[in-house]
Amino acid sequence: MRFSKMHGIGNDFVVVDARQSPLALAPERIRALADRHTGIGCDQLLSVEAPRDPSCAFYYGIWNADGSPSGQCGNGVRCVAAWLHRAGALALDAPVRIESPSGPVGVRVLDPQRVTVDMGEPVFEPARIPFQADVSGTTYPLELGTRSVEVGAVSMGNPHAVLVVADLTDPALERLGPQITGHPRFAQNANAGFVQIIDRGHLRLRVHERGAGWTRACGTGACAAMAVLRRRGQVDESVQVDLPGGRLQVDWSGPGHTLWMTGPAAFAFEGQWPA
Ligand SMILES: N[C@H](CCC[C@H](N)C(=O)O)C(=O)O
């Protein structure tokens, strides 16, 4: 099986051309492929496929390094768009809809290594995240053993918890990340974002990803953090989000509008994998 190794500010992917026939890899094969010592190594596997929805130009599938599926991948869809452009299947500056497991997103390749994406509208309704809560709120107390933390909860097509912290180097986050990711109130687990508010137009973020652990960047995590804080009135409609691997731009005017994420997409190498 031929693959392209790509990354979105350090969140890395194996991208497979499955346009002729959908990719069907068992979770253990995905885990083997994602292994950083005995496999290719990646945070997620992405397949590029023919669309199921006739209003979309392509479909793309997402699997985490642990073999679990996801509904959306912000850094990943930018890489898929850049991959399609390099394959001659997507022109520069041509807006197209790409279908994901959670629904369509709109992509536009601004230059061969920079893509802007209409990620759709953030979803705060608990049942659709999914997150167990009696009513939708801007913050929820989350019991973690003997302590409780305040989180925001939102879906960008995948579930996110967002926790505001003063110091991203706090060693306590190492344990908090997995605890929040696996919290039983998130029935399908959650990507746990820890965000420091620099000012109304600038955030710093680290994400403990469901199915991949701490990553250098999480595109839907950047969208989720901005959306939670915008809904609380704590950030403006255009925000720079700095993650360990680099910077993303997130734009959202508020409820009733879709959210846009813009950032890099890079190729690392091509290879063959015994499927
Ligand atoms: N771990 C995520 C999928 C990858 C998301 C992330 N890599 C991004 O760029 O959005 C999940 O299970 O929902």
Side-chain angles (χ1 to χ4, degrees), residues 5-15 27 30-31 33-34 36 41-47 60-83 98 100-105 107 114-120 122-123 128-131 153-162 177-178 180-183 186-195 203 205-228 241-250 252 259-266 268:
K5 185 73 187 340
M6 301 185 72
H7 73 90
I9 52 172
N11 182 200
D12 66 331
F13 310 107
V14 167
V15 181
I30 295 170
R31 286 193 290 274
L33 172 156
R36 295 191 183 284
C42 64
D43 291 326
Q44 280 87 32
L45 165 67
L46 307 176
S47 67
Y60 91 109
I62 309 144
W63 294 268
N64 289 304
D66 71 353
S68 63
S70 174
Q72 194 54 265
C73 183
N75 290 318
V77 75
R78 296 198 317 275
C79 287
V80 164
W83 186 93
I98 294 184
S100 73
S102 66
V105 293
V107 302
R114 189 161 181 77
V115 180
T116 191
V117 188
D118 176 347
M119 296 291 288
V123 172
R128 292 176 58 205
I129 294 174
F131 175 63
V154 64
S155 173
M156 291 305 304
N158 58 348
H160 287 268
V162 177
I180 294 174
T181 290
H183 197 281
F186 287 97
Q188 295 169 9
N189 295 331
N191 301 285
F194 298 86
V195 63
L203 303 175
L205 176 70
R206 287 180 65 200
V207 182
H208 181 268
E209 284 198 34
R210 175 181 67 166
W214 295 104
T215 57
R216 290 194 183 174
C218 179
T220 51
C223 299
M226 189 274 186
V228 162
V241 183
D242 285 335
L243 297 115
R247 174 169 283 191
L248 294 176
Q249 160 116 9
V250 181
W252 186 47
L259 178 149
W260 288 75
M261 170 200 60
T262 305

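First listed ligand is number 1; within each ligand, the first listed atom is number 1.
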Which protein non-hydrogen atom lies closest to [atom], naming both residue and atom, and how far is it?
| atom | value |
| --- | --- |
| atom 2 (C) of ligand 1 | Asn191 OD1, 3.2 Å |
| atom 10 (O) of ligand 1 | Thr220 OG1, 2.6 Å |
| atom 9 (O) of ligand 1 | Gly219 N, 2.8 Å |

**Item:** Proximal ligand 1 atoms for Asn75, defined as those under 4.0 Å from one of its heavy atoms
**Value:**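 Per the distance check, 8 (C), 9 (O).
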**Ligand-side contact atoms (ligand 1) for residue partner Asn11, heavy atom cut-off under 4.0 Å** =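 Answer, ordered by atom number: 6 (C), 7 (N), 8 (C), 9 (O).
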**Prompt:** Hey, is Ala212 one of the residues with a heavy atom under 4.0 angstrom from ligand 1?
**Reply:**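 Checking ligand 1 against Ala212, which is what was asked, there is no heavy-atom contact under 4.0 Å.
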**Message:** Under 4.0 Å, counting heavy atoms only: does Gln72 come that close to any atom of ligand 1?
**Reply:**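 It does; at least one heavy atom falls under 4.0 Å.
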**Request:** Select the closest option to atom 6 (C) of ligand 1 among Met261, Arg210, Glu209, judged by heavy-atom distance.
**Result:**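 When every heavy atom of Met261, Arg210, Glu209 is considered, Glu209 comes closest to atom 6 (C) of ligand 1.
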**Item:** Test item: side-chain donor near acceptor, Thr215 and Asn11, under 3.5 Å
**Value:**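 Thr215 vs Asn11: no donor-acceptor pair found between side chains.
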**Message:** Below 3.5 Å, N or O to N or O, backbone or side chain included: is there any such pair between Pro69 and ligand 1?
**Reply:**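 Looking only at distances, the answer is no, because the N/O contact criterion of under 3.5 Å is not met.
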**Item:** Plane angle bin for His208 and Trp214 - parallel if under 30°, tilted between 30 and 60°, otherwise perpendicular
**Value:**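 Trp214 vs His208 ring planes: perpendicular.
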**Asked** Should Asp242 and Arg206 count as an ion pair when the cut-off is N to O under 4.0 Å?
**Response**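 Result for this pair is no, no salt bridge flagged.
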